[in-house]
Number of protein chains: 2
Amino acid sequence: MDETAPQKGTVTQRAIERIKAMIGEGRLEPGQRLPTERDLAVQLGISRSSMREAIRALTVLGVLEARHGSGIYVTQLEAGDLLETFGVVADLSRGPRLVELLEVRRILESTATALAAARITEDQLAEVEKHLTAMNDTDDPEIILSHDLAFHREIATAAGNETMAAILDGLSSRTFRARVWRGYQEEGAFARTRREHAAIHRALVAHDPEAARAAAAAHVGEVEEWLRAQIGS
Amino acid sequence: MDETAPQKGTVTQRAIERIKAMIGEGRLEPGQRLPTERDLAVQLGISRSSMREAIRALTVLGVLEARHGSGIYVTQLEAGDLLETFGVVADLSRGPRLVELLEVRRILESTATALAAARITEDQLAEVEKHLTAMNDTDDPEIILSHDLAFHREIATAAGNETMAAILDGLSSRTFRARVWRGYQEEGAFARTRREHAAIHRALVAHDPEAARAAAAAHVGEVEEWLRAQIGS
DNA sequence: CGGGCCAAGTGGTCTGATAAATATGCGGTC
DNA sequence: GACCGCATATTTATCAGACCACTTGGCCCG
């Protein structure tokens, strides 16, 4: 008898696991093109509908990428691809969990900034400064937010750990920050934010990891404390 | 004109965003039951197939839960639900990215252990000790691994940040650790692991955060260094 | 009053057809 | 010979309808 039918869970779920396993075992390489939906469905002995659901699931997880008219491909499986879903967590979290997320961000961001202080190159530093000045040259919250994100993104990248940078990206996703900052910035936090950014920048220029860690922790901690107070009230 | 057709992306993608938005705006509460697939498809003006793909996507993301014969429900949207997909990252990462993941784990785990040292209760400490002794009472790698996971899980929980605990869970998912430890334990690392666990436990008993941080960092760092050497070779 | 049976409701799966986007190969033109 | 344009094949995206499997709640019978 054929042992390929353990009959656990739905057929779609099994298909997801099978494809994940194929990638895990190296039978499917990053960037490689998969057989067509129809062929895959036949191979796994399921209908095309179920196969499409499995593909859709792996697509939102950042494992596969479907190109209309072309085919289905394995992504590069880089940190950014797989951690894109992290933004969903930030977007759907509320109340106390927002504080927890900021706590995680504070821990990672402070360490990332410390690492960046030690490793950052002149080119990367110039890029950081570009966003810093752009942020100070305007009063448009949208533009500020955008450069703020890029500012921290560049620092995280300079830390040399792409995975950490991708996680921090998720923890700072646009909708997440916009939601928190709407109220935070109303309390005249612009000036303080600029001072904190300047402190982080000074530490980076001085290549002083401990100062960078402290400045980054304080920066995130400020928002964290404000949010904690908001929840409590 | 009808503004309900922005025509960006696939209809399934739009359906995913719509449902996510409904939850984000609070129109769908955690635990609440959704309309049937058929009704939802009609509401959004798409076919049932496309709606099913959207539901499947949100299901694997831990946002929705489909119960055969009963209906579709919003999950509790707790950290554990939404971060379950984090395990996929650990399972599909290889080479240098495994080191990066362990680096992230070292940072979070050391902080979590430090927090736990300050906050852990007697009951939680007893639970930790249970897994510690169980781990030392056997030579079966499977059982050891299982209690090792529970040991660290308990500590992360004691730190009081469920989100962090859930992330660490993903970073220590069964297949991930099994993959790394297969080779690690072959080098007679059992004894060292036991010493390190004992050191962590002592720090917890003494409620000494700094000692706990150092012990946890060293513990994860050991594996990290070993893996780094493996990659390089 | 309690237990088991039954039917309606609902998610799970399959099949087949059509539309839309892409890739391919051929022929022609310059 | 090279390049462009177009018809054609391939492939994903979407739709429609049917049937199966499981859950639930009420009804009937003992």
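So that the names make sense, note that chain A is the first sequence line, chain B the second, and so on, each numbered from 1.
Mapping B/Ser47 and A/Gly71 onto DNA chain D by nearest heavy atom places A/Gly71 closer to the 5' end of the strand. The 5' end of DNA chain C is approached more closely, in terms of each residue's nearest nucleotide, by A/Thr10 than by the other of A/Ser70 and A/Thr10.
Donor-acceptor pairing under 3.5 Å, judged by distance alone, is absent between the side chain of A/His68 and the base of D/dA13. A donor-acceptor contact under 3.5 Å is not formed by the side chain of B/Arg67 with the base of C/dG12.
Dashed line: the shortest gap from a side-chain N or O of B/Arg48 to OP1 or OP2 of C/dT13 is not under 4.0 Å.
Within 4.0 Å of B/Ser49, counting heavy atoms only, lies at least one base atom of the nucleic acid. Residue B/Arg38 is in base contact, counting any heavy-atom pair closer than 4.0 Å across all strands shown.
The nearest whole Å value for the distance from the CG atom in A/Leu34 to the P atom in D/dT11 is 13 Å.
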Test salt bridge (Lys or Arg N to Asp or Glu O under 4.0 Å) on B/Arg56 and B/Glu53; report intermediate values, then the result.
CA-CA 5 Å; B/Arg56 172 72 61 180; B/Glu53 285 187 29; over 6 Å; no

After noting the C-alpha distance and the side-chain angles of B/Arg97 and B/Glu100, does the key distance pass the salt bridge (Lys or Arg N to Asp or Glu O under 4.0 Å) rule?
CA-CA 5 Å; B/Arg97 189 147 53 257; B/Glu100 292 190 356; over 6 Å; no

Criterion ring pair (Phe, Tyr, Trp, His ring centres under 6.0 Å) on B/His147 and B/His197, from CA distance to verdict
CA-CA 12 Å; B/His147 283 291; B/His197 280 165; over 10 Å; no

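Taking a 4.0 Å limit (strictly below) on heavy-atom distances, residues 51-61 of chain A reaches DNA chain D at A/Arg52, A/Arg56.
Counted by atom type alone, A/Thr157 and A/Arg153 present one or more donor-acceptor pairs between their side chains at under 3.5 Å.
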